[in-house]
Amino acid sequence: MAETESTTTAQDSATAETEPHQTQAQSQIDETAAKLNNLTLRIWPPTQRTRDAVINRLVETLSSQSVLSKRYGTIPEEEASSLAKSIEEEAFSVAGAAFSPDDDGIEILQMYSKEISKRMLDTVKSRAATAAAADAPSATEAANGEEVSSSSVKAEA
């Protein structure tokens, strides 16, 4: 019977020691859960580091070989840098104007991304059209390189 009493006493003391640890652990879990419930994830506005990374990626896309450059041509890096900054700033401004403090920023970040893509495409298309117009002979130039006025062409017809 003495053995049974000592075994029971050992179990009781072990249980008494683990209960404070379990209570403390549960308390920490509850505290962490409360903090997580109050945690708000905000992804807008992006940090300056993120914006700089976007600009660097735009410069790379505009100035190196890519699917875009195969169709519209590459842009010298210095010009691409100024264009990229302008594109990013305009997209940031448009997206920022639509931001509401109640939003978590996901929709605004999507808008920012779409604005960048749209403006980049508009920029390369415009630049390619301007370059094509500058390279194409004027409509008033004859095949031999002499300039012919439109009134003399009408008179000959």
Side-chain angles (χ1 to χ4, degrees), residues 18-157:
T18 58
E19 282 181 13
H21 293 299
Q22 288 176 346
T23 305
Q24 184 180 6
Q26 186 61 45
S27 175
Q28 287 177 342
I29 290 170
D30 291 343
E31 187 179 312
T32 302
K35 287 179 183 177
L36 289 174
N37 285 336
N38 293 330
L39 179 68
T40 303
L41 178 64
R42 300 244 182 231
I43 57 175
W44 187 264
T47 64
Q48 187 59 48
R49 182 177 172 196
T50 300
R51 292 181 69 191
D52 291 342
V54 168
I55 292 169
N56 290 337
R57 184 68 177 128
L58 277 169
V59 170
E60 184 180 325
T61 301
L62 294 170
S63 65
S64 63
Q65 290 297 323
S66 65
V67 173
L68 195 64
S69 69
K70 286 180 182 176
R71 182 162 186 170
Y72 300 107
T74 57
I75 298 173
E77 193 165 334
E78 191 172 294
E79 184 181 350
S81 179
S82 66
L83 288 171
K85 287 176 186 172
S86 174
I87 290 168
E88 192 281 334
E89 286 172 2
E90 291 171 8
F92 183 80
S93 178
V94 168
F99 178 67
S100 166
D102 297 334
D103 292 337
D104 60 6
I106 293 173
E107 292 85 13
I108 302 303
L109 193 62
Q110 289 173 337
M111 178 189 292
Y112 171 69
S113 179
K114 286 178 183 178
E115 283 293 322
I116 288 172
S117 297
K118 178 180 159 255
R119 291 170 189 282
M120 179 178 60
L121 192 55
D122 289 347
T123 298
V124 295
K125 282 181 177 181
S126 172
R127 192 174 181 284
T130 302
D135 291 344
S138 173
T140 59
E141 289 182 13
N144 64 2
E146 295 177 16
E147 202 169 301
V148 180
S149 71
S150 59
S151 58
S152 65
V153 172
K154 288 180 186 175
E156 290 177 9

Item to complete: Kindly give the heavy-atom pair with the smallest separation between Val59 and Ala84, and that separation in Å.
Response: CG2-CB, 3.6 Å
Worksheet item: Is Glu115 salt-bridged to Arg119, going by a charged N under 4.0 Å from an acidic O?
Response: yes
Item to complete: Check for a donor-acceptor pair, side chain of Ser69 on one end and backbone N or O of Ser66 on the other, with a separation under 3.5 Å.
Response: yes
Worksheet entry | Gln48 atom CD, over 12 foreign heavy atoms within 6.0 Å | yes
Worksheet entry | Side-chain donor-acceptor contact under 3.5 Å, Gln26 with Asp30 | yes
Practice prompt. Check whether any side-chain heavy atom of Ser82 lies under 4.5 Å from a side-chain heavy atom of Glu78, and answer yes or no.
Written response: no
Worksheet item: Could you state the interatomic distance from NZ (Lys125) to CG (Leu68), rounded to the nearest 0.5 Å?
Response: 10.0 Å
Worksheet item: Can you tell me if Thr32 uses its side chain to pair, donor with acceptor, with the backbone of Gln28 under 3.5 Å?
Response: yes
Worksheet item: What distance do Asn56 atom CG and Lys85 atom NZ have between them, rounded to the nearest 0.5 Å?
Response: 9.0 Å
Fill in: Parallel, tilted or perpendicular: rings of Trp44 and Tyr112 (30°, 60°)
perpendicular
Worksheet item: Just by distance, do the side chain of Ser81 and the backbone of Glu77 share a donor-acceptor pair under 3.5 Å?
Response: no
Worksheet item: Under 3.5 Å, is there a donor-acceptor pair between the Ser27 and Glu31 side chains?
Response: no
Worksheet item: Is the count of non-hydrogen atoms from other residues, nucleotides or ligands lying under 6.0 Å from Glu79 atom CD greater than 12?
Response: yes
Item to complete: Please tell me if the side chains of Phe92 and Pro45 come closer than 4.5 Å, counting only heavy atoms from C-beta onward.
Response: yes
Worksheet item: Ignoring hydrogens and geometry, is there a side-chain-to-backbone donor-acceptor pair from Ser126 to Asp122 under 3.5 Å?
Response: no
